Amino acid sequence: PVLYSYFRSSCSWRVRIALALKGISYDLVPVNLIKDGGQQFSAEFKALNPMQQVPALKIDGITLSQSLAIINYLEETHPNPRLLPQDPKKRAQVRMIADHIVSGIQPLQNLSVLKQMGEKKMEWAQNCITSGFQALEQILQHTAGRYCVGDEVSMADLCLVPQVANAERFKVDMGPFPTITRINKVLLELEAFKISHPSQQPDTPAELRA
């Protein structure tokens, strides 16, 4: 497998966690979203992913984009350890939380949107994440055990950790979100989350390396 990734991309980070959890080794091709006006806009990368976004994963003779589509494929082809619970209700909750982050929070504060916001980008990102986290905190109070849904790491957790990192980067006050903060802290102690962290990637700038 070949993963096209950017160290700071939260969507890429989700996929890196899934690959790490499932023990799938891969080659990483960095795509710098800022350098050269954005390497994702090159003709070469557009041929690979017409949406001109990371991540993209070449695997088993196909090229997949969109982090949840990639994670679902990995789940179906490498079922252990599972990232979707067997219980249909818990599985639905996992998908709900993942969608909440992937559709309801992250796109509103990603690079392409922030470019349009000019001087208000910090305030915009803070507002988007805060309102999303207010809802998420409420949901997690009903679903969480050790992790987002019960006591097994799931696709929801793969989405949570990168989004909390975004929140911290945009200086969101995490005080009102104790459940999110607690789960994030526990997850960051797991090896798969450590090795996939933005501070540990081949394309991480020296000053941001852990």
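A quick note: this is a predicted structure, and the numbers were derived from the prediction, not measured.
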Quiz item: According to the salt bridge (Lys or Arg N to Asp or Glu O under 4.0 Å) rule, which pairs have a member within residues 39-66, sequence neighbours left out?
Solution: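 For residues 39-66: none.
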Self-check item: Listed once per pair and sorted, the salt bridge (Lys or Arg N to Asp or Glu O under 4.0 Å) pairs that draw on residues 71-97, sequence neighbours left out
Solution: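 Of all non-adjacent pairs touching residues 71-97, those that pass salt bridge (Lys or Arg N to Asp or Glu O under 4.0 Å) are K22-E75, R82-E152.
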Is there any ring-ring contact (aromatic ring centres under 6.0 Å, His included) pair reaching into [range], and which pairs are they, with sequence neighbours excluded?
{"range": "residues 183-210", "answer": "W13-H197"}
{"range": "residues 70-111", "answer": "none"}
{"range": "residues 19-46", "answer": "none"}

What heavy-atom pair brings [X] and [Y] nearest, and what distance separates the two atoms?
{"X": "S5", "Y": "L28", "answer": "CB-CD1, 4.0 Å"}
{"X": "L83", "Y": "L158", "answer": "CD1-CD2, 3.9 Å"}
{"X": "C159", "Y": "L68", "answer": "SG-CD2, 4.0 Å"}

Quiz item: Does the side chain of P55 reach to within under 4.5 Å of the side chain of I70, using non-hydrogen atoms?
Solution: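 Yes; the side chains approach each other to less than 4.5 Å.
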Quiz item: Does any non-hydrogen side-chain atom of K194 lie less than 4.5 Å from one of Q200?
Solution: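 No, side chains not in contact.
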Set of side chain to side chain donor-acceptor pair (under 3.5 Å) partners for [X], sequence neighbours left out:
{"X": "D151", "value": "none"}
{"X": "T181", "value": "none"}
{"X": "S131", "value": "none"}
{"X": "Q39", "value": "D36"}

Self-check item: Among N49, V54, D203, L48, side chain to side chain contact (heavy atoms under 4.5 Å, CB included) partner for V31
Solution: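 For V31, the side chain to side chain contact (heavy atoms under 4.5 Å, CB included) check succeeds only for V54.
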Quiz item: Picking from Q109, R169, E168, what satisfies side chain to side chain contact (heavy atoms under 4.5 Å, CB included) with I129?
Solution: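 Testing I129 for a side chain to side chain contact (heavy atoms under 4.5 Å, CB included) against Q109, R169, E168 leaves exactly one candidate, Q109.
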Quiz item: How far apart are the C-alpha atoms of I17 and L187, what are their side-chain angles, what is the distance that settles it, and do they pass the side chain to side chain contact (heavy atoms under 4.5 Å, CB included) test?
Solution: CA-CA 11 Å; I17 300 167; L187 287 164; over 6 Å; no
Exercise. Taking side chain to side chain contact (heavy atoms under 4.5 Å, CB included) as the test, write out the residues that go with A43, two or more places apart.
Key: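 If we apply the side chain to side chain contact (heavy atoms under 4.5 Å, CB included) test to A43, skipping adjacent residues, there are no hits.
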Quiz item: Looking at residues at least two apart in the chain, or sitting in another chain, which of them share a ring-ring contact (aromatic ring centres under 6.0 Å, His included) with F133?
Solution: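 Only F177 meet the ring-ring contact (aromatic ring centres under 6.0 Å, His included) criterion with F133.
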Exercise. Mark yes or no for whether R209, through its side chain, and P198, through its backbone, hold a donor-acceptor pair below 3.5 Å.
Key: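 Judged by distance alone, no pair lies under 3.5 Å.
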Practice problem: Carefully, step by step, assess N32 and Y6 under the rule side chain to side chain contact (heavy atoms under 4.5 Å, CB included). | Solution: CA-CA 6 Å; N32 193 309; Y6 178 55; 3.9 Å; yes
Quiz item: Pick from R16, Q53, Q106, R14: which one makes a side-chain hydrogen bond (donor to acceptor under 3.5 Å, both in side chains) with S67?
Solution: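 Of R16, Q53, Q106, R14, side-chain hydrogen bond (donor to acceptor under 3.5 Å, both in side chains) with S67 is met by R14 alone.
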Exercise. Test side chain to side chain contact (heavy atoms under 4.5 Å, CB included) on N72 and M155 and set out the steps.
Key: CA-CA 9 Å; N72 275 304; M155 192 190 294; 3.4 Å; yes
Could you pull out all donor-acceptor pairs under 3.5 Å where a side-chain atom in residues 140-149 meets a protein atom, sequence neighbours excluded?
| from | atom 1 | to | atom 2 | distance (Å) |
| --- | --- | --- | --- | --- |
| Q141 | NE2 | E137 | OE2 | 3.4 |
| T143 | OG1 | C148 | O | 2.7 |

